[in-house]
**Q** 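Before anything else, here's the structure in question.
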Amino acid sequence: MLSHRDMQEAERRGRQVRSIYVYEAPVRLWHWVNAAAVTTLAVTGYFIGKPLPTMPGEASDHFLMGYIRFAHFTAGYVLAVGLIGRIYWAIVGNHHARELFTLPVFSLAYWKEVITMLKWYAFLIPQPSQYVGHNPMARMAMFCGYFLFTLFMIATGFAMYGEGLGMDSWASHLFGWVIPLMGQSQDVHTWHHLGMWGMVIFVTLHVYAAIREDIMGRQSIISTMVSGYRTFKR
């Protein structure tokens with residue numbers, strides 16, 4: 001049974017915890033589906049660029065690379081369609097849903113907050129500022145490292161996909177211009193493969209920053225993308 005002092009301490013701690021609803025259900029669902037799609041694309045893309053050794057037996061008995069390519073193409077569709085849906089929700093959802101697609105580059109206050117977060121990530125200040133949505137540094141990373149990067153990967157990926165479907169395919173009509181713009185098909189392959197490693201680096205930093213902020217920033221990050229609520233602790 002709690003003592004009177006323990007009860008007062010519990011009440012004091014309770015007053016120091018605030019929860020604010022930030023991410024709506026469609027945003028959270030998109031986040032985790034998108035994470036699965038990116039993971040699938042990275043793994044299958046690696047094996048497409050560096051195929052597995054020859055399988056034993058007759059070649060007609062195996063369709064391993066075919067399955068890998070199918071998974072890659074399917075995940076690519078999920079990524080592209082999911083991004084379209086995410087853009088739609090940025091229009092109809094709350095203002096936090098729009099942070100991924102906008103960047104207040106002409107705001108001096110924004111850049112001051114970016115510098116503050118840089119100091120926080122560099123361990124130069126003891127505590128960061130608290131933000132209900134993305135912090136300014138994370139907002140820049142998501143816009144440049146995810147949104148623009150994903151547009152590049154979709155454009156180059158479907159440009160190569162259109163080569164297999166044929167010149168009369170929808171993919172060739174929409175993205176066929178990418179190949180002559182970048183030089184030739186092999187150049188697109190190379191940049192798309194390098195883009196995969198860029199995405200892997202971004203995801204690694206994203207996960208690290210989320211876990212670090214959860215532990216050191218005294219505010220929920222990972223659980224917010226599950227429940228939708230951001231919790232601040234002091």
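The basis for the numbers below is simple: all heavy atoms, side chains too, and nothing from hydrogens, waters or symmetry mates.
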**Q** For Thr102 versus Phe143, what's the shortest heavy-atom pair and its separation?
**A**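 Scanning both residues completely, I find the closest heavy atoms to be N-CD1, 4.2 Å.
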
**Q** Side-chain contact test, heavy atoms from C-beta onward, threshold under 4.5 Å: evaluate it for Leu83 versus Phe147 and give yes or no.
**A**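 With C-beta onward as the side chain, the pair touches.
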
**Q** So do Met140 and Val105 actually touch side chain to side chain, heavy atoms under 4.5 Å?
**A**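 Side chain of Val105 against side chain of Met140, heavy atoms only: no contact under 4.5 Å found.
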
**Q** Looking only at heavy atoms, which two atoms of Ala75 and Leu41 are closest? And how far apart?
**A**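 Looking at all heavy atoms of both residues, the shortest contact is CB-CG, 3.6 Å.
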
**Q** State which residue, out of Arg230, Met117, Glu99, Arg139, fulfils the side chain to side chain contact (heavy atoms under 4.5 Å, CB included) condition with Tyr131.
**A**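 Going through the options one by one, the only one that passes is Met117.
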
**Q** To the nearest 0.5 Å, how far apart are CD in Glu213 and OH in Tyr121?
**A**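 OH of Tyr121 is found 4.5 Å from CD of Glu213.
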
**Q** Considering only heavy atoms from C-beta outward, does the side chain of Val27 approach that of Arg86 to under 4.5 Å?
**A**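 Of all side-chain heavy-atom pairs linking Arg86 with Val27, at least one is under 4.5 Å.
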
**Q** Is Ile201 reachable from Leu194 through a run of I, L, V, M, F, W or Y residues, each pair having side-chain heavy atoms under 4.5 Å apart?
**A**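 Looking at the clustering, Ile201 is in a separate group from Leu194.
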
**Q** Measure the shortest side-chain to side-chain distance between Leu118 and Met137 over non-hydrogen atoms and say whether it is less than 4.5 angstrom.
**A**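 When only atoms from C-beta onward are counted, Met137 and Leu118 do touch, with a gap below 4.5 Å.
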
**Q** Assess whether side chain to side chain contact (heavy atoms under 4.5 Å, CB included) is satisfied between Val226 and Trp32, documenting all intermediate values.
**A** CA-CA 9 Å; Val226 176; Trp32 296 113; 4.1 Å; yes

**Q** When you look at Tyr161 and Tyr77, which way does the side chain to side chain contact (heavy atoms under 4.5 Å, CB included) test go after all the steps?
**A** CA-CA 11 Å; Tyr161 185 61; Tyr77 273 108; 3.2 Å; yes

**Q** Is there side-chain contact between Glu24 and His96, with at least one heavy-atom pair below 4.5 Å?
**A**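 The answer is no; the side chains never approach within 4.5 Å.
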
**Q** Would Trp89 and Leu29 count as a side chain to side chain contact (heavy atoms under 4.5 Å, CB included) here? Give the steps.
**A** CA-CA 12 Å; Trp89 197 259; Leu29 176 62; over 6 Å; no

**Q** Any donor-acceptor pair under 3.5 Å linking the side chain of Ser172 with the backbone of Ser169?
**A**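 Side chain of Ser172 to backbone of Ser169: no pair is present.
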
**Q** Step by step, would you call Thr40 with Thr44 a side chain to side chain donor-acceptor pair (under 3.5 Å)?
**A** CA-CA 6 Å; Thr40 302; Thr44 56; over 6 Å; no

**Q** Which pair of heavy atoms, one from Ser185 and one from Glu163, lies closest together, and at what distance?
**A**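 Answer, listing the atom of Ser185 first, then Glu163: OG-OE1, 2.9 Å.
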
**Q** Taking C-beta and beyond as the side chain, do Arg69 and Phe63 meet within less than 4.5 Å on heavy atoms?
**A**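 In short, these two side chains do not touch, never coming nearer than 4.5 Å.
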
**Q** Specify whether Phe158 and Trp170 have parallel, tilted or perpendicular ring planes, treating 30° as the upper limit for parallel and 60° as the lower limit for perpendicular.
**A**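 The rings of Phe158 and Trp170 sit tilted, inter-plane angle from 30° to 60°.
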
**Q** Shortest non-hydrogen contact from Phe47 to Ile68?
**A**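 Result for this residue pair: CB-CD1, 4.1 Å.
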
**Q** Quick check for you: to the nearest 0.5 Å, what is the distance between Leu100 atom CG and Trp30 atom CH2?
**A**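 Leu100 CG to Trp30 CH2: 5.0 Å, rounded to 0.5 Å.
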
**Q** So Phe152 and Phe149, would you call those rings parallel, tilted or perpendicular, with 30° and 60° as cut-offs?
**A**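 Phe152 and Phe149: perpendicular rings.
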
**Q** Please confirm whether the backbone N or O of Ala97 pairs with a side-chain atom of Asn94, one donor and one acceptor, at under 3.5 Å?
**A**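 Flag set: sc Asn94 to bb Ala97 pair under 3.5 Å.
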
**Q** Are Lys112 and Thr116 close enough that some pair of their side-chain heavy atoms sits under 4.5 Å apart?
**A**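 Lys112 vs Thr116: side chains apart.
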
**Q** Checking side-chain polar atoms at under 3.5 Å, does Ser227 have a donor or acceptor matched by the opposite partner on Arg28?
**A**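 Per modelled atom types, Ser227 and Arg28 side chains form no pair under 3.5 Å.
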
**Q** Between atom OG of Ser220 and atom CZ of Phe232, what is the distance when rounded to the nearest 0.5 Å?
**A**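 If I round to the nearest 0.5 Å, the distance is 7.5 Å.
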
**Q** Near Tyr46 OH, under 6.0 Å, is it more than 12 heavy atoms from other residues, nucleotides or ligands?
**A**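 For Tyr46, atom OH is not crowded (no more than 12 foreign heavy atoms under 6.0 Å).
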
**Q** Rounded to the nearest 0.5 Å, how far apart are CE of Met167 and NE2 of His173?
**A**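 Rounded to the nearest 0.5 Å, the CE-NE2 separation comes to 8.5 Å.
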
**Q** Is it true that Trp197 and Met153 fall in one hydrophobic cluster, defined by side-chain heavy atoms closer than 4.5 Å?
**A**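 The answer is yes; both residues are in one hydrophobic cluster.
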
**Q** Checking side chain to side chain contact (heavy atoms under 4.5 Å, CB included) for the pair Val114/Tyr110: CA distance, chi angles, key distance, verdict?
**A** CA-CA 6 Å; Val114 169; Tyr110 169 77; 3.7 Å; yes

**Q** If Ile, Leu, Val, Met, Phe, Trp and Tyr residues are connected whenever their side-chain heavy atoms lie under 4.5 Å apart, and connections chain through other members, are Val33 and Ile87 in the same group?
**A**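 No: no chain of side-chain contacts under 4.5 Å links Val33 to Ile87.
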
**Q** Report yes or no: does Arg212 contribute a side-chain atom to a donor-acceptor pair with the main-chain N or O of Gly217 at less than 3.5 Å?
**A**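 Side chain of Arg212 to backbone of Gly217: no pair is present.
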
**Q** Treat each ILVMFWY residue as a node, draw an edge where side-chain heavy atoms are under 4.5 Å apart, and state whether Leu181 and Ile179 are in one component.
**A**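 Looking at the clustering, Ile179 is in the same group as Leu181.
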
**Q** About how many Å separate CD1 of Ile221 and CD1 of Ile211, when rounded to the nearest 0.5 Å?
**A**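 Answer rounded to 0.5 Å: 11.5 Å.
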
**Q** So which atom in Tyr21 and which in Ala25 form the shortest heavy-atom distance, rounded to 0.1 Å?
**A**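 Shortest heavy-atom separation between Tyr21 and Ala25 comes out as OH-N, 3.8 Å.
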
**Q** Cluster question for you: counting only ILVMFWY and a side-chain heavy-atom cut-off of under 4.5 Å, with indirect links fine, are Tyr88 and Val78 together?
**A**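 Each belongs to a different hydrophobic cluster.
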
**Q** Atom CZ of residue position Phe101 - does it have more than 12 heavy atoms of other residues, nucleotides or ligands inside 6.0 Å?
**A**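 Correct, the count exceeds 12.
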
**Q** Of all the heavy-atom pairs spanning Leu79 and Tyr146, show the shortest one and how long it is.
**A**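 Distance-wise, the nearest heavy atoms are CD1-OH, 4.0 Å.
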
**Q** Measuring from Thr224:OG1 to Asp214:CG, what's the distance to the nearest 0.5 Å?
**A**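 Taking OG1 in Thr224 and CG in Asp214, the distance rounds to 7.0 Å.
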
